[in-house]
Amino acid sequence: MTANLSETLTLLLIEDDDGDAFLVEELLKEAVAPPRIFRARSLSEARHKLTPEIQCVLVDLSLPDASRLEALEEVIALAPYTAVLVLTGLRDVHVGVTAVQAGAQDYLVKGDVDARLLARSIRYAMERKRADVAQLKLVQAELTAKENARLESALLPDPLLRTREIEHVTRYLPGSGGTLAGDFFDTVQTPDGSVHLVIGDVCGHGPDEAALGVALRIAWRTLVLAGQTGDTLLRTLDALLRAERQAPEIFTTLCTATISPDLRHATMRVVGHPPPVLVRGGTVEVVDGAPSGPPLGIFPDAAWSVIDVPLGDDWSMMLYTDGLIEAAVHEPGRLLGVDGLVELVRTHGVIDLDGLIRHVGTLSDDLAVVMLRRRRM
């Protein structure tokens with residue numbers, strides 16, 4: 001009866017005995033689609049032949065340069081995503097169990113193998129390996145998702161607001177790559193009634209950048225609650241960024257705003273960041289004088305000017321990261337830009353975050369937005 005291998009596979013046989021190797025090759029010739037078989041007579045020779053095209057490895061446990069499970073462990077380490085089947089003369093149940101526990105997909109004794117059993121074992125070994133790899137990827141994806149959720153929660157906290165005179169709305173969307181980045185925001189009201197907010201963007205993508213964004217966001221909240229604002233706050237964040245970043249080219253843009261207790265005036269520092277959008281008395285514009293200084297992490301002696309912003313009684317304020325203005329709209333290569341964002345707000349008449357997000361197209365970067373609007377009580 002022919003062996004049930006219906007597709008041409010590429011195998012590596014690690015066997016020092018010529019007679020045993022010949023027997024394996026003859027048995028596999030009976031398959032419907034005989035596999036391509038590469039042979040290695042030792043573990044050192046196998047290291048050079050374990051290429052990505054190898055789909056399954058048949059390994060003996062008695063080699064000139066390895067004994068018992070040494071060869072198996074070495075092969076698994078060299079080819080962690082390849083099916084490995086032990087084919088040995090050792091008739092030892094304990095060794096067989098240990099081999100499977102060590103990562104082999106099956107354990108066969110040479111004297112008990114015929115063509116049908118060998119072909120079936122190879123096929124099953126490959127299917128088990130596919131299932132193991134798929135399960136591993138699933139677990140890794142779940143762990144990554146949980147870690148991203150924890151980081152995202154730390155990047156985007158609940159605001160510490162006591163007043164009901166301010167409507168506070170936030171939105172966050174990951175970019176097209178789906179990788180978490182270092183966009184962060186926070187809002188804190190201090191005992192004197194002032195409302196402080198920040199939005200920032202650590203350059204780059206990945207868990208390191210997200211973790212750095214978390215550190216900067218927590219540091220900002222801590223400093224604000226401790227009464228430290230202005231240049232002292234920014235210099236402290238700059239020092240923290242330099243101490244915690246993984247590479248010297250990592251920088252961070254951010255925008256901070258402090259709204260007075262009567263909610264009629266704001267002071268801002270736009271640290272290499274896109275300018276906030278304001279709606280005051282029906283007029284839509286961006287904050288004049290932005291940016292008021294360079295991003296954090298670039299110049300050791302940087303200074304940031306203060307931007308005074310009269311608000312009045314009827315106002316809305318939107319702070320955002322560059323993922324919003326760098327979104328492609330209408331046609332490939334055409335970005336929204338700051339002017340396009342202002343025109344969109346003018347078209348809507350109000351700052352409608354969901355409407356803005358629906359209008360923009362594909363995001364090339366993460367998008368974070370914070371909108372504050374004074375309510376008429």
Side-chain angles (χ1 to χ4, degrees), residues 1-140:
M1 185 177 294
T2 58
N4 190 10
L5 286 180
S6 57
E7 60 177 303
T8 301
L9 305 177
T10 303
L11 312 180
L12 175 62
L13 174 63
I14 308 175
E15 172 62 72
D16 64 323
D17 187 282
D18 291 339
D20 289 341
F22 176 77
L23 176 61
V24 171
E25 292 169 355
E26 288 299 307
L27 290 174
L28 291 177
K29 283 181 181 178
E30 299 181 28
V32 174
R36 297 172 60 213
I37 302 175
F38 294 91
R39 183 186 169 198
R41 291 176 170 79
S42 65
L43 185 58
S44 60
E45 186 179 344
R47 292 189 185 101
H48 301 290
K49 295 186 176 182
L50 268 173
T51 61
E53 67 176 329
I54 300 298
Q55 296 169 278
C56 183
V57 179
L58 285 69
V59 58
D60 188 13
L61 295 186
S62 300
L63 297 173
D65 53 353
S67 61
R68 293 282 174 165
L69 297 179
E70 292 176 355
L72 173 63
E73 293 169 349
E74 178 78 6
V75 168
I76 291 174
L78 291 171
Y81 301 110
T82 304
V84 180
L85 191 152
V86 173
L87 184 59
T88 181
L90 295 173
R91 192 182 298 276
D92 188 322
V93 175
H94 176 72
V95 174
V97 171
T98 306
V100 173
Q101 291 174 339
Q105 273 64 59
D106 207 344
Y107 181 93
L108 298 178
V109 178
K110 294 175 182 177
D112 299 338
V113 174
D114 58 19
R116 183 181 179 84
L117 174 61
L118 182 58
R120 185 177 61 195
S121 296
I122 291 172
R123 189 175 75 254
Y124 287 1
M126 292 179 61
E127 291 303 321
R128 291 190 194 103
K129 191 62 181 182
R130 287 193 187 103
D132 291 343
V133 171
Q135 179 64 27
L136 178 61
K137 290 181 178 179
L138 178 61
V139 171
Q140 290 174 337

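Only heavy atoms go into these numbers, but all of them, side chains included; no hydrogens, no water, no symmetry mates. Throughout, numbering of the chain's residues begins at 1 and tracks the sequence.
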Grab the two heavy atoms, one from [X] and one from [Y], that are nearest each other, plus how far apart they are.
X	Y	answer
T10	E53	CB-O, 3.4 Å
A104	I76	N-CD1, 3.9 Å
K129	A83	CG-N, 3.6 Å
V113	L87	CG2-CD1, 4.0 Å
D18	R41	OD1-NE, 3.7 Å
S42	S44	OG-OG, 3.1 Å

Any side-chain heavy atom of [X] within less than 4.5 Å of one from [Y]?
X	Y	value
Y107	T88	yes
L43	V75	yes
L72	V86	yes
L58	I122	yes
I14	K49	no

Between Q105 and G103 (side chain of the first, backbone of the second, donor and acceptor by atom type, cut-off under 3.5 Å), is there such a pair?
yes

Donor-acceptor pair, distance only, cut-off 3.5 Å: does the side chain of D106 make one with the backbone of A125?
no

Atom pair [atom1]/[atom2] of [X] and [Y] - distance to nearest 0.5 Å:
X	Y	atom1	atom2	result
L118	L28	CG	CG	4.5 Å
L63	E45	CG	CD	10.5 Å
E15	I37	CD	CD1	12.0 Å

Check each of L50, L13, I54 against F38 using the side-chain contact (heavy atoms from CB on, under 4.5 Å) test, and report the only one that passes.
I54

Is a salt bridge present between R39 and E25, judged by a nitrogen-to-oxygen distance below 4.0 Å?
no

With sequence neighbours excluded, residues passing side chain to side chain donor-acceptor pair (under 3.5 Å) with E70:
none

Show the numbers, then the answer: is there a side-chain contact (heavy atoms from CB on, under 4.5 Å) between S121 and L85?
CA-CA 8 Å; S121 296; L85 191 152; 3.7 Å; yes

Qualifying salt bridge (Lys or Arg N to Asp or Glu O under 4.0 Å) pairs with a residue from residues 94-103, counting only residues at least two apart or across chains
none

Check the pair L11 / R36 against side-chain contact (heavy atoms from CB on, under 4.5 Å), numbers first and verdict last.
CA-CA 6 Å; L11 312 180; R36 297 172 60 213; over 6 Å; no

